[in-house]
Amino acid sequence: MMPVRSKKKLVSRRAGQPRPLVARTAKPDTRLSDADKFLLPTYRRPPMLLTHGRGCYVYDAGGKRYLDFLGGIAVNALGHAHPRIVKVVRREAARAIHFSNLYHHAYQGPLARKLAEWSGLDRVFFANSGTEAIEGALKLARLCARSSADALAGPAAKHRILAMDNSFHGRSFGAVSITSTEKYRLPFAPLLPGVEFVRFNDVADLEAKFDGTVSAVILETIQGEGGIHSATEAFWNRARGLTTQHGALLIADEIQCGLGRTGRKFAYQKFASKPDIAVVAKPLAAGLPLGAILTTEAVAARVSPGLHGTTFGGGPLVCATALEFLRTIEDEKLLENIRARGAELLEGLAAEAKNFAFLREVRGEGLLIGIDLSVDGAPFVAEAMRRGLLINCTHDFTLRLLPPFIITKAQVRDFLRLFRSVLASTPKAESAPAPQNTKTVPPRAHSAAR
Ligand SMILES: Cc1ncc(COP(=O)(O)O)c(C=O)c1O
C-alpha cells in the first residue's frame, strides 16, 4: 500500500483505504469540465467526482467519505468492493468476459436455476438492463396474446396493456409507453399503442378497464420512482384473478424491489400467488449490467429460437458474478439483516417524524424506504451530501433510502444521527401539495432526473 504523503497534498487516509486520486485543490478539474462539455445533459449532477467505494462508503476525488444510503439506486446491494465479488470478477475477467449466446457457458444454466428456485418461476432470459428486460416481457405478452391458431403476423387479438399510474419501467419506447410520468413520455410520442393506465391499488378502476382485449397487467410490486408505494393484497389478488380468468399475463416489475430488497427474495412473495413474469435487474450482478425475465413453462412454451435475443446479455463474467451475489445473500443471511436494519430505520425515522413536523410519512419494506416531506426534498439531498451522506429524492417530495444489504446496526445509528442534523439544518423551501392518499396515488410531476 502507498504511504500517506504530506497532509497538504493529500487528505489523511483511513487504514485500508486506497489513496485519493487527486489532492484537494482549487484548480478546475478537467474531468468535470469535459463531462460538462461533451456529455449529453441527461443528468443534473453535483460538481464532484466519485473515485472508489468500500463497503457502505464511497469516496470522492478529494478523499471525502460518504455513507452510501442510495447504493447506486438499488444496485450496490453488497456495497462496494465486496471481497467475494472482487474475487469472482478478477477470476472471470482473466478467463472470459464474453463468448456469445450462440454457445453455452458454465454460469447461465446454474444462475437460471438459482433464480427459478428463488422466484418459484420456471424459465429465465438474460438481458443487459431493467429496461431491456421490461421490453422483452412486453414482447412475451404480445406473443402470448396470439391464439396458437393465429398466424405470427398481423395484429394480436388481445392488444391492450394495463399499466399503473405513478409507474416507472425504464426509458426505451416500450418501457416509457408503460411509464405514466408525462415528462418522460410526451417528448417521444407516438408511443406503443394500446397502453392504458389504471389508478394504482384501485380495484374498481382495474375492473372497469379490464376486458378480453387485455394481454397483460404490469405493475411494480412496490413503486420505487413513484415514491415507495406497495401494491395492496386486494389489488394484487384482483389483478391475478382477472389475468388468469381472461388468459392475460400478470407482470411484476421487481427491478427495484426484488432480489432481497424487502427482506424477501421477491416482493410478491408476501402474496399467495405468483406473477406470470417477474423482471429483475439492478442488484443482480452486484453492479455489472444484467437484467432477467423470469417466467412460467406456459409462457416459455410459446418461445422458439430466433424470436428474441441479445449479444451481451448473460455473458460468463456477469452471470458468474450474479451467482456469487445470490449465494452471498444466502451464505451471509442477508435477508435477516435487511429485515432487522429496515425495522430499525423505520423505527428511528418514525421517532424523527415526531420532532420534525415536515416529515409527513415514513413508509417502506426492508431496505426500500420513502420519507414523504411537506416541503421540497432537493435541499435535503444537497445538505446530506455536504454532511457526507448520499440519499435521493423522488417525486419532488419523497426522500428515498436504498442502503446496501450489508449495512450494520452501527451504520444505521450513524445514518439516523446524520439525517437528524440534515433535517435540523436544511432551509425549508416550497411546500408540497396536500397529503397523498397512498392507496390510490395521483400522478405528480417529477423534477429530478434519475
Ligand atoms: C421499477 C423499475 N423498473 C425499470 C427500471 C429501468 O431499469 P434500468 O435503468 O436498468 O434500465 C427501473 C430503474 O430505475 C426501475 O426502478
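Start at 1 and go down the list; that is how both ligands and their atoms are numbered. Numbers for residues simply follow the sequence, beginning at 1.
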query: Should one rank G226, G130, A133 by closest heavy-atom distance to atom 10 (O) of ligand 1, which comes out on top?
result: G130

field: D253 to ligand 1, any heavy atom closer than 4.0 Å
entry: yes

query: For K282, is the nearest heavy atom under 4.0 Å from an atom of ligand 1?
result: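 Within the 4.0 Å threshold, so yes.
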
- prompt: Between H246 and F210, what is the ring plane arrangement, given parallel below 30°, perpendicular above 60°, and tilted in between?
  reply: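 The rings of H246 and F210 sit tilted, inter-plane angle from 30° to 60°.
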
Hey, is [X] touching ligand 1 through its side chain, its backbone, both or neither, going by heavy atoms under 4.0 Å?
X	answer
T131	both
E132	neither
H169	backbone

- prompt: For F356, does the CZ atom have more than 12 heavy-atom neighbours from other residues, nucleotides or ligands under 6.0 Å away?
  reply: yes

task: Count the heavy atoms belonging to other residues, nucleotides or ligands that lie under 6.0 Å from CD of E182, then report whether that count exceeds 12.
output: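 Check fails, neighbour count at 12 or below.
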
message: Please check this pair: side chain of S180 against backbone of N166, looking for a donor-acceptor N/O pair closer than 3.5 Å.
response: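 Yes.
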
query: Does G314 offer a backbone N or O that forms a donor-acceptor pair with the side chain of H105 under 3.5 Å?
result: yes

message: Test: side-chain hydrogen bond (donor to acceptor under 3.5 Å, both in side chains). Region: residues 284-300. Which pairs qualify, not counting sequence neighbours?
response: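 Checked against side-chain hydrogen bond (donor to acceptor under 3.5 Å, both in side chains) - neighbours excluded - the pairs reaching residues 284-300 are R123-E297.
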
Numbered atoms and elements of ligand 1 in range of E220, under 4.0 angstrom, heavy atoms: 1 (C)

task: Taking only heavy atoms of F168 into account, list the atoms of ligand 1 that are under 4.0 Å away from them.
output: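 Those of ligand 1 that fall under 4.0 Å from F168 are 1 (C), 2 (C), 3 (N), 5 (C), 12 (C), 13 (C), 14 (O), 15 (C).
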
- prompt: Any N or O on Q256 sitting closer than 3.5 Å to an N or O of ligand 1?
  reply: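 Yes, there is a polar N/O contact under 3.5 Å.
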
message: Taking distance alone, with N or O pairs closer than 3.5 Å, would you say A281 contacts ligand 1?
response: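 The answer is no, given that A281 and ligand 1 share no N or O pair closer than 3.5 Å.
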
query: Among pairs that include at least one residue of residues 239-261, which meet salt bridge (Lys or Arg N to Asp or Glu O under 4.0 Å), considering only residues two or more places apart or in two chains?
result: R240-D276

